[in-house]
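Read the structure below first, then the notes.
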Amino acid sequence: MIPIAGTPVLTAAEMRAAEDAAIAGGTSVDTLMQRAGAGIADAVRRLAGVSDVLILCGPGNNGGDGYVAAARLHAAGRSVRVAAAAEPRTPAAIAARALWTGVVEPLATAASAPVLVDALFGTGLSRPLDAEAGAALNRLTRQANLTIAIDLPSGVATDDGTVFGEVPAFHVTLALGAAKPAHLLQPAAARCGTVRVIPIGVAIDSATQVVSPPDLSAPPVDAHKFTRGMVAVLRGRMAGAAQLAASAAMHAGAGYVELLGATIPAAPHALVRRRLDAEALADHRIGAVLIGPGLGRDDDARALLEQVLATEHPLVVDGDALHLVTPEQLRERRAPLILTPHAGEFAVLFGALAGSKLAAARAAAARAQATVVFKGPDTVVAAPDGPAIMAGAAPSWLSTAGSGDVLAGAIAALLAGGRRPLDAAAAGVWLHAEAARRLGPAFIADDLAVALAGARA
C-alpha cells in the first residue's frame, strides 16, 4: 500500500489507456487481475488482523479482483466469505470466480462481518446502484467495524467526484494502479477515507498529481531579507484582510513584507507600512505583489488593480480583485500570475465551465494564461500549460473568515522566494492545510497565519 501524496492521478479513460498499453505489451487482463487481487489480499491481511472478512463482488472486473483476493485470503488461512450482486460477466471475472471454491452468498441476504470489502463496482460507474444492492451495501457497512473499498466506493463517479444516491463512507479505499480524481474531489472524497495505492504493474504517466509536502528547507547561509523574497501587499477598503495576508506572508517565510497604502499602525512591528504610490510599486526588489484581500469593488479599486497589472512583478490576485478583471485582461501579462478563486469568484471570472473541477481549473488556467488555485473543501491547482495538482480534504475548520487571505499571503511569500507559480501555489495550499491540522478545531485566521511558521518548520 502506497500513500497517495505526490503520486499521479488518472481519470477513468487514462487508467483504461494505461491498462490497454500493458495488455498490448503482452500482459493479459487475467495477470492484471491477479496482481490486483494479490495486492488487495495483502492489504486486507495487514488491516484486518484476525477478524472475519466479507467481500462483496460485482459482475465486472472489480468483482473479479474481489474473487482473487478472497481465494488468496482463504489460502492464507483467513476466515473470509463472499457475497455477490450477480454472476460475473467478463471473461477475466469469470475465470477469477472459478478460483473461489467456497459458497457465494446472495448480496441482499448476506450476514455482516467485522471487516467488509466492497468490490462491487469500481472505476467507470455512471449510475446509482440498484435499490437492492445499495440497501445491502449500506446495511453491511453500518454493521462492520472496518470497511474497505476497492478502487472506489461503489456509487461514485471516477472523474468528477459525483455521488450517486446514498453511498456509505469507508475507512480505507485501495486505489488500483493509481489515484483517481474521485479520491480527491468532493463529495466522493469524503466517502473514501484513507486512500492507498495498490500497484498492479502498469506504467502510469499523468500531468496530474496529488499534492505532497514541499521542500521547505532553511534559507542558504548567505541569505538576506531580499533574497528570501519581498512581498508587497496592497491595502484596500478592509484593512484587516490585507494585514492578515501580510502576516501570513511573513510567517510563511518571506524575508521582507510591506503593506502598501497603510495609514494606521499595524502589528507586527516587522511589517513595513508604506504609502501606495508609483515609486513604491516600481521597487525592483519586489518578488511578488498580492492584491485583492479586502480590496473593495469600486472605481478606485479597479484603477488600482489596473495599475498593478501594468507592472512586471509576479502577481497573486485574490478576493475582490477577481471581480474586477476578465481572463482576457489577465492573459496579456507576461510576468508570473496566480489566481486564487473560491467557487463563487471562479464563476464570476470564468462563468460555468463544463466537466469536473479538475477540468474546469485546467480550462480556466489556459484561458487566463495564469496558474489557478480553485479553492474549496477540495482544491485544484492548474498551470496554463496543463499540469495540475490536487489536494485532498483539508480540515473543515478552515471555513472561517480570513482563511483565504492567509492562503493568498502564503502563496505570495513562496512565489516571491523564487518558486515557479505552480510549485508556489501547491506549496502554499499544503502549508495552509498543515497549519490548520496543527491548530486543531475552532481557530481564527489570525492564529492560522502565525501557525504557518510552525507548519513550515
Side-chain angles (χ1 to χ4, degrees), residues 1-10 12 14-23 25-58 60-82 88 90 92-93 95-100 113 115-124 146-154 156 158 170-180 182-184 192-206 210:
M1 295 185 292
I2 301 172
I4 64 170
T7 65
V9 180
L10 269 64
E14 289 169 340
M15 192 67 227
R16 282 194 298 271
E19 291 171 346
D20 289 345
I23 292 166
T27 302
S28 69
V29 175
D30 299 272
T31 298
L32 293 177
M33 189 170 288
Q34 288 295 322
R35 291 172 182 171
I40 293 164
D42 181 61
V44 172
R45 279 198 302 270
R46 294 168 61 186
L47 294 169
V50 298
S51 298
D52 294 350
V53 178
L54 172 64
I55 300 181
L56 310 183
C57 293
N61 285 350
N62 195 252
D65 298 333
Y67 285 116
V68 174
R72 286 180 172 266
L73 286 168
H74 178 72
R78 299 303 176 96
S79 175
V80 57
R81 296 163 38 230
V82 172
T90 69
R97 165 65 182 86
L99 298 174
W100 172 248
V115 177
L116 179 80
V117 178
D118 169 20
L120 290 172
F121 299 96
T123 296
L146 173 65
T147 55
I148 302 170
I150 303 307
D151 209 19
L152 286 166
S154 294
V156 305
T158 308
F170 286 79
H171 294 109
V172 178
T173 295
L174 302 175
L176 300 181
K180 315 302 187 301
H183 295 133
L184 299 146
C192 292
T194 300
V195 181
R196 293 291 183 265
V197 175
I198 302 294
I200 59 173
V202 171
I204 301 298
D205 185 30
S206 177
V210 183

Whether the side chain of [X] engages the backbone of [Y] through a donor-acceptor N/O pair (distance < 3.5 Å, no angle test) should be reported.
X: T90; Y: G60; answer: no
X: T147; Y: H171; answer: yes
X: S79; Y: D52; answer: no

Which atom pair, heavy atoms only, marks the closest approach of [X] to [Y]?
X: A182; Y: L152; value: CB-CD2, 3.8 Å
X: F121; Y: S154; value: N-OG, 3.0 Å
X: V53; Y: A48; value: CG2-CB, 4.2 Å
X: L10; Y: A178; value: CD1-CB, 4.1 Å
X: A70; Y: V82; value: CB-CG2, 3.5 Å
X: P3; Y: T7; value: O-CG2, 3.5 Å

Let me have the donor-acceptor pairs involving side chains of residues 28-35, under 3.5 Å, with sequence neighbours excluded, atom names and distances please.
from: S28; atom 1: OG; to: T31; atom 2: N; distance (Å): 3.0
from: S28; atom 1: OG; to: T31; atom 2: OG1; distance (Å): 2.8
from: R35; atom 1: NH1; to: I200; atom 2: O; distance (Å): 3.1
from: R35; atom 1: NH1; to: G201; atom 2: O; distance (Å): 3.4

Contact check, side chains of [X] and [Y], non-hydrogen atoms, under 4.5 Å:
X: L120; Y: N62; value: no
X: V117; Y: L54; value: no
X: I2; Y: P199; value: yes
X: L184; Y: I4; value: yes
X: D205; Y: P8; value: no
X: L47; Y: M1; value: yes
X: C192; Y: F170; value: no

Gap separating the [atom1] atom of [X] from the [atom2] atom of [Y], nearest 0.5 angstrom:
X: D20; Y: T27; atom1: CG; atom2: OG1; result: 12.0 Å
X: H74; Y: I55; atom1: NE2; atom2: CD1; result: 12.0 Å
X: I40; Y: R45; atom1: CD1; atom2: CZ; result: 12.0 Å
X: I198; Y: I150; atom1: CD1; atom2: CD1; result: 7.5 Å
X: D151; Y: N61; atom1: CG; atom2: CG; result: 11.0 Å
X: I148; Y: R196; atom1: CD1; atom2: CZ; result: 12.5 Å

inquiry  = Assess the residue pair R72 and D42 against the criterion (salt bridge (Lys or Arg N to Asp or Glu O under 4.0 Å)); give the C-alpha distance rounded to whole Å, side-chain angles, the decisive distance to 0.1 Å, and a yes or no.
reply    = CA-CA 9 Å; R72 286 180 172 266; D42 181 61; over 6 Å; no

ask   = For R81, what residues pass the salt bridge (Lys or Arg N to Asp or Glu O under 4.0 Å) criterion, not counting sequence neighbours?
value =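 With sequence neighbours excluded, R81 shows a salt bridge (Lys or Arg N to Asp or Glu O under 4.0 Å) to E105, given in chain and number order.
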
